[in-house]
Amino acid sequence: MSSISEIGYWSEIKLDIIREYASAYSIILAKQKQPKLEHIYIDAFAGAGFHITKAEGNLVWGSPLQALLIDPPFSSYHLIDLDRGNTEVLEEQVKSRTSGPYNPQNVHIYNADSNQLLLDKIFPLVRYEDYKRGLCLLDPYGIHLDWEVIEKAGKMRSLEIFYHFSIYDMNRNVLRHDTSKVDKKQIDRMNKAWGDNSWRNVAYSSEGNLFGLEEKTTNKALVDAFRDRMKKVAGFSYVPEPIPMRNTKGAVIYYLFFASHKPVAAKIISDIFNKYRNR
């Protein structure tokens, strides 16, 4: 059964960022006439579609329902969640709306593991050579997304992505000072999320240590290295500096990445990120 999640200030900011960019994206793509492009919205960890704010207890629409309200609408919407309760609520929300810019028949909801579904079924719907383009939100709560998904998205050239890089999950469960105490299952999760085990060379260093002992590096080192992977390994042309997202105590819990092949997309999202970055 689905439960309404509570979100903090920075999660509200994230929703604002995604809505602002998705609106600009849809306007630009809808105006494209020669050739005419279909643009598709994909939400890989859609949730139930709404949240409650921690500060005031207000109801706010989540990313999938906000996307449905964007005008001009996307050609189709693909909303995925592993929790059956969440997808049932999403289905009810879509059916209950009697007005809006979108066509309910173009909304597809999946109760599935997004890692495999994206690769096998959803991404093939957004082939560059078929004049399809897509905006894909990859927003897991932790390191639950396989690197293979990001790399496939980059190499397709037709997709732009937002990605939730969960530094909190990494620091809590993987990047311990004593690596011998890290559970192998957590190491495997990190390897899948990173794409291989090269994260070890970034996360730990003996440089500067008088005794040659390995010590943890910084969050920034890991974030910079992942950004580099998104460009050099996944092949995205533009990966602007991600925006840090914080908890109520001001600690960074994840970084919101954006990646695209279009310079105009990078310019738009950089302007949006900069508007919110120092709040």
Engineer: Would you kindly confirm whether I7 and I18 end up in one hydrophobic cluster when ILVMFWY residues are joined by side chain heavy atoms under 4.5 Å apart?
Structural biologist: no

Engineer: Give a yes or no on whether the backbone of S76 and the side-chain of Y102 come within a donor-acceptor separation of less than 3.5 Å.
Structural biologist: no

Engineer: Any Lys/Arg nitrogen of R157 or E129 sitting under 4.0 Å from an Asp/Glu carboxylate oxygen of the other?
Structural biologist: no

Engineer: Mind telling me whether F257 and F165 have parallel, tilted or perpendicular rings, with 30° and 60° as the class edges?
Structural biologist: perpendicular

Engineer: If I take atom NE2 from residue H78 and atom OG from residue S114, how far apart are they, to the nearest 0.5 angstrom?
Structural biologist: 14.5 Å

Engineer: Could you tell me which non-hydrogen atom of Y141 sits nearest to which non-hydrogen atom of S166, and how far apart they are?
Structural biologist: O-OG, 3.8 Å

Engineer: For the atom pair CG (L118) and CG (D146), what is the distance rounded to the nearest 0.5 Å?
Structural biologist: 10.0 Å

Engineer: Using 0.5 Å steps for rounding, measure from the CZ atom of R176 to the CD atom of Q186.
Structural biologist: 8.0 Å

Engineer: Would you name the heavy atoms of R277 and P242 that are closest together and state the gap between them?
Structural biologist: NH1-O, 2.8 Å

Engineer: Same cluster for F162 and I13 if Ile/Leu/Val/Met/Phe/Trp/Tyr side chains link at under 4.5 Å?
Structural biologist: yes

Engineer: I would like to know whether E12 and K54 meet salt bridge (Lys or Arg N to Asp or Glu O under 4.0 Å); could you show each step before the answer?
Structural biologist: CA-CA 10 Å; E12 293 184 67; K54 289 181 180 178; over 6 Å; no

Engineer: Whether D188 and K192 form a salt bridge (side-chain N of Lys/Arg under 4.0 Å from carboxylate O of Asp/Glu) is what I want to check.
Structural biologist: no

Engineer: Could you tell me whether E148 and K152 have a side-chain N and a carboxylate O separated by less than 4.0 Å?
Structural biologist: no

Engineer: Could you tell me if W199 and N191 have a donor-acceptor pair between their side chains, going purely by distance under 3.5 Å?
Structural biologist: yes

Engineer: Flag the pair D16 and R19 as a salt bridge only when some basic side-chain nitrogen lies within less than 4.0 angstrom of an acidic carboxylate oxygen.
Structural biologist: yes

Engineer: Under a 4.5 Å side-chain heavy-atom rule over Ile, Leu, Val, Met, Phe, Trp and Tyr, are Y128 and F74 clustered together?
Structural biologist: no

Engineer: Would you compute the distance between atom CE of M245 and atom OH of Y9 and round it to the nearest 0.5 angstrom?
Structural biologist: 10.0 Å

Engineer: What's the separation between atom CD1 in I268 and atom NZ in K262, rounded to the nearest 0.5 Å?
Structural biologist: 12.5 Å

Engineer: Using the side chain to side chain contact (heavy atoms under 4.5 Å, CB included) definition, which of the options K31, R133, K132 pairs with L37?
Structural biologist: R133

Engineer: Would L15 and Y25 show up in the same hydrophobic cluster when neighbours are defined by side-chain heavy atoms closer than 4.5 Å?
Structural biologist: no

Engineer: Establish whether L82 and Y77 are linked, either directly or via other cluster members, by ILVMFWY side-chain heavy-atom contacts under 4.5 Å.
Structural biologist: no

Engineer: Measure the spacing between CG of N115 and CD1 of I80 and express it to the nearest 0.5 Å.
Structural biologist: 9.5 Å

